[in-house]
Novice: 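One structure coming up, written as structure tokens, with questions to follow.
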Amino acid sequence: MIYKRSSALFAEAQKVIPGGVNSPVRAFKAVGGDPIFVEKAKGAYLYDVDGNKLIDYINSWGPMILGHAHKPVVDAVIEKAQKGTSFGMPTQIETEIAALAVSMVPNIDKIRFVNSGTEACMSAVRLARGYTGKDKIIKFAGCYHGHSDSFLIQAGSGAVTFGTPNSPGVTKGTAKDTLLARYNDIENVAALIAENKNEIACIIIEPVAGNMGCIPPAEGFLEALRKLCDAHNILLIFDEVMTGFRLAKGGAQELFNVAADIVTFGKVIGGGLPVGAFAARSEIMNHLAPLGPVYQAGTLSGNPLAMAAGLAMLKELNENPGIFESLAAKTEYLHKGMDAVFSETEIPYTINRVGSMISIHFSETSVTDFDTAALANNDSFKTFFHGLLEEGVYIAPSAFETWFLCESLTYDDLDATIEACRKVSKNM
Ligand SMILES: *Cc1c(COP(=O)(O)O)cnc(C)c1O
């Protein structure tokens, strides 16, 4: 495939945008080569500026669960845009999407909308601190909760891809309040709590980790966290920015039947527009301004275009819950197909999958936490990534990311992807 025009556009972009991109992973630094500039997308396919067609396994990093340019979502945005794009005053659609979200997700009474997953997690932690009157938080190595200061301590996703899991610019004062635990290691969490008695406001976790590749929670791990939190008066925050409205209507809380105290959302909830949200029981949410003392605000929060896209998306998922099973079946099919390909080679690999999230680590060991994810062979991943791209299959340009399937993918697309894996595996 030829990417001449993409490379030219990238050169132009680099002159005026740091690294040529507005979010680091897009720059392809982890895999080498120039990023691909998109012209348009429809359903499961991306069309780039050089006229190449790619099967998309990123889907905007998750939001496009029903495929790109999904008609009900696009129509809802167009209709709203004609009535004005922002007012900074309440609109009825905010209540509509809030009521629908609250009805779909367990254990929440109220929800507040923000503009990104970062904002949602940042606000959720502030709320947890305000509610409990405690300062410290526990996060897990390799989990990503957006780019706000408290979370850039051993963060996953682009932060680890570029070797800056602990970002310069985060003060020591901030960093000392973020305690780091090992994913899937409950004893480690218990020890941290014991060492910091009565100081921990919350534990924040990706209930299925998706920012160090896909890593499922070990059997009983989330339940054990819940128990520890109850015993020590700590709030449990599920960061469902990735898993919310993707793994099930009610996200990971529903899938694993474990209740969180605060839940954060992003990605799918905005239908492809910039939306995040955080939600909890009334007792907790009522601590937020203007009802309570914990301040949080946003000029464009609850923006009508964003709410229209999100509402159209959630309605469709709510009315067709079979989508989650259909997506999980497609992902299982891909998993089995890739297994069949790689099991016939000498290449060490591990495939992890939950629902419509899947990833492959070229690793000798099973991948259960950040340390085991980091052991995987990045050169193999690079070859795999560029090989797939050459075959017209676009996966995340980093081994520390998950693939997200969308409902528009056909079994023919999946077969083509498995066939592409077979071809590429021969050169690895
Ligand atoms: C993407 C992501 C975020 C950050 O969301 P943004 O909209 O990029 O700010 C936070 N948490 C998780 C689990 C994510 O996957």
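The first residue of the sequence shown is numbered 1, and numbering continues consecutively from there. In listed order, ligands and their atoms are each counted from 1. Basis for what follows: all heavy atoms, side chains included, without hydrogens, waters or symmetry-related copies.
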Novice: Looking at Ile323, Leu317, Asn318, which hits side-chain contact (heavy atoms from CB on, under 4.5 Å) with Asn320?
Specialist: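 The passing option is Ile323.
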
Novice: Taking all non-hydrogen atoms of both residues, which atom of Ala120 and which atom of Phe265 are closest, and how far apart?
Specialist: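 Taking Ala120 first and Phe265 second, the nearest heavy atoms are CB-O, 3.7 Å.
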
Novice: Using a threshold of 4.0 angstrom between heavy atoms of the protein and any atom of ligand 1, which residues qualify?
Specialist: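 These residues qualify: Ser116, Gly117, Thr118, Tyr144, His145, Gly146, Glu206, Asn211, Asp239, Val241, Met242, Lys267.
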
Novice: Tabulate below the donor-acceptor pairs under 3.5 Å that side-chain atoms of residues 268-292 make, not counting sequence neighbours, or state none.
Specialist:
unit_1: Arg281; atom_1: NE; unit_2: Glu283; atom_2: OE1; d: 3.3
unit_1: Arg281; atom_1: NH1; unit_2: Asp261; atom_2: OD1; d: 3.0
unit_1: Ser282; atom_1: OG; unit_2: Asp109; atom_2: OD2; d: 3.4
unit_1: Glu283; atom_1: OE2; unit_2: Tyr131; atom_2: OH; d: 2.4
unit_1: Asn286; atom_1: OD1; unit_2: Lys110; atom_2: NZ; d: 2.8
unit_1: Asn286; atom_1: ND2; unit_2: Ser282; atom_2: O; d: 3.3
unit_1: His287; atom_1: ND1; unit_2: Glu283; atom_2: O; d: 3.3

Novice: Could you check whether Arg246 pairs with Glu240 (Lys NZ or Arg NE/NH1/NH2 to Asp/Glu carboxylate O, under 4.0 Å)?
Specialist: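 Glu240 and Arg246: not salt-bridged.
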
Novice: State which residues pass side-chain contact (heavy atoms from CB on, under 4.5 Å) with Asp135; sequence neighbours excluded, sorted by chain then number.
Specialist: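 Testing Asp135 for side-chain contact (heavy atoms from CB on, under 4.5 Å), a comparison that skips the adjacent residues, returns Asp177.
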
Novice: For residues 71-85, which side-chain donor-acceptor pairs fall under 3.5 Å, sequence neighbours excluded?
Specialist:
unit_1: Lys71; atom_1: NZ; unit_2: Asp75; atom_2: OD2; d: 2.6

